[in-house]
Amino acid sequence: DAGVTQSPTHLIKTRGQQVTLRCSPKSGHDTVSWYQQALGQGPQFIFQYYEEEERQRGNFPDRFSGHQFPNYSSELNVNALLLGDSALYLCASSLALPRIGQPNYGYTFGSGTRLTVV
Amino acid sequence: AQKITQTQPGMFVQEKEAVTLDCTYDTSDQSYGLFWYKQPSSGEMIFLIYQGSYDEQNATEGRYSLNFQKARKSANLVISASQLGDSAMYFCAMRGGRDYKLSFGAGTTVTVRA
């Protein structure tokens with residue numbers, strides 16, 4: 001049973017450029033969330049996608065946008081990159097409606113994409 | 001809004017000993033879930049244990065147990081019989097009943113010494 005897959009694993013971009021990160025959810029999951037984790041800090045919620053719509057958004061500027069495809073995979077796009085966007089970007093998948101016996105809401109995280117902006 | 005506080009930035013523990021990681025939270029929700037995750041240097045968030053706000057028993061998963069004190073709004077993680085492989089960053093997280101997101105604390109780095 002494949003877990004959450006993220007690509008690429010590492011990325012170096014220049015200030016002002018645009019970047020796209022990709023996430024394939026765990027088999028059977030239909031919801032994808034994205035988190036930004038700066039070095040030495042806890043992850044911060046960016047947004048969550050369900051049924052190809054943004055269901056909830058954290059405190060991030062409009063430069064951060066996303067998309068969910070019919071196969072539940074997702075992309076995170078960041079425009080006009082700033083040095084402060086350098087971070088580990090984590091994708092987490094889950095079920096929109098957790099099944100009985102899955103009280104932990106079944107969040108499964110990927111290994112992340114480490115983005116460095118220079 | 002939910003807030004998670006982890007006051008221990010780093011801890012050292014001797015192999016085979018137990019260690020307690022502190023976590024306090026703040027929420028106005030009556031229904032919520034509390035989570036602990038382990039993050040090794042590889043970056044992946046590994047789920048360890050979950051406690052629901054209405055669960056009467058403290059959660060346990062193998063060597064992990066959660067000391068849930070609802071009135072004090074604390075959810076401390078206890079790792080028993082520490083192993084070298086337990087060296088990692090540990091995060092406490094919370095999801096409110098009306099929320100889709102997880103809110104994380106700043107984390108605690110645990111280093112297990114042989």
Side-chain angles (χ1 to χ4, degrees), chain A residues 3-6 8-11 21 23 26 29-51 53-60 87-98 100-115, chain B residues 1-10 21 23-25 31-57 59-61 64 66 68 75 88-109:
Chain A
V4 176
T5 304
Q6 292 188 243
T9 54
H10 295 83
L11 203 53
L21 310 182
C23 173
K26 179 180 178 179
H29 283 181
D30 56 8
T31 301
V32 173
S33 303
W34 287 92
Y35 292 81
Q36 179 196 66
Q37 186 179 16
L39 195 62
Q41 298 182 22
Q44 298 294 318
F45 175 75
I46 304 175
F47 41 55
Q48 184 181 89
Y49 275 83
Y50 171 61
E51 292 188 333
E53 296 284 335
E54 183 182 288
R55 183 157 76 164
Q56 186 176 4
R57 187 179 183 92
N59 189 25
F60 279 79
L88 179 68
Y89 289 84
L90 293 164
C91 172
S93 71
S94 58
L95 284 172
L97 299 174
I100 293 174
Q102 198 176 43
N104 63 343
Y105 303 102
Y107 292 108
T108 302
F109 283 82
S111 296
T113 294
R114 191 164 297 281
L115 173 65
Chain B
Q2 286 79 38
K3 183 179 179 182
I4 299 288
T5 302
Q6 294 180 255
T7 57
Q8 306 153 308
L21 308 183
C23 172
T24 58
Y25 60 92
S31 175
Y32 50 87
L34 295 157
F35 304 76
W36 276 92
Y37 286 88
K38 171 184 177 180
Q39 187 178 43
S41 57
S42 61
E44 182 180 1
M45 282 285 186
I46 301 168
F47 167 76
L48 297 178
I49 196 167
Y50 165 86
Q51 180 85 42
S53 59
Y54 291 113
D55 293 341
E56 295 186 354
Q57 301 285 335
T60 60
E61 290 284 350
Y64 305 106
L66 200 152
F68 180 46
M89 191 81 158
Y90 289 80
F91 289 97
C92 180
M94 175 179 192
R95 174 182 169 176
R98 295 166 294 177
D99 223 347
Y100 295 117
K101 71 176 188 293
L102 287 174
S103 298
F104 286 83
T108 297
T109 301

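Per chain, numbering begins at 1; letters A, B, ... match sequence-line order. Note that the structure is a prediction, hence the values are computed from the model and not measured.
- Residue B/Q6: no heavy atom, backbone or side chain, is found under 4.5 Å from chain A.
- When all heavy atoms are compared, the tightest approach of A/G42 to B/F91 is CA-CE2, 3.3 Å.
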Check: How far apart are the C-alpha atoms of B/Y37 and A/Y107, what are their side-chain angles, what is the distance that settles it, and do they pass the ring pair (Phe, Tyr, Trp, His ring centres under 6.0 Å) test?
Finding: CA-CA 11 Å; B/Y37 286 88; A/Y107 292 108; 7.5 Å; no
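- Contact annotation for B/D55: neither backbone nor side-chain heavy atoms come within less than 4.5 Å of a heavy atom of chain A.
- Contacts of B/I4 with chain A are absent, with no heavy-atom separation under 4.5 Å from either backbone or side chain.
- For chain B, no part of A/F47 is nearby; none of its heavy atoms comes within less than 4.5 Å.
- With a threshold of 4.5 angstrom between heavy atoms, A/Q37 approaches chain B through side-chain atoms but not through N, CA, C or O.
- Interface residue A/Q41: only backbone heavy atoms are found under 4.5 Å from chain B.
- Between B/M89 and A/G40, the closest heavy-atom pair is CE-O, 4.4 Å.
- Here the closest non-hydrogen pair linking B/Y100 and A/Q56 is N-OE1, 2.8 Å.
- Note that CD of A/Q44 is 10.0 Å distant from NZ of B/K101, once rounded to the nearest 0.5 Å.
- Residues B/D99 and A/F45 form no side-chain contact, since every pair of their non-hydrogen atoms from C-beta on lies 4.5 Å or further apart.
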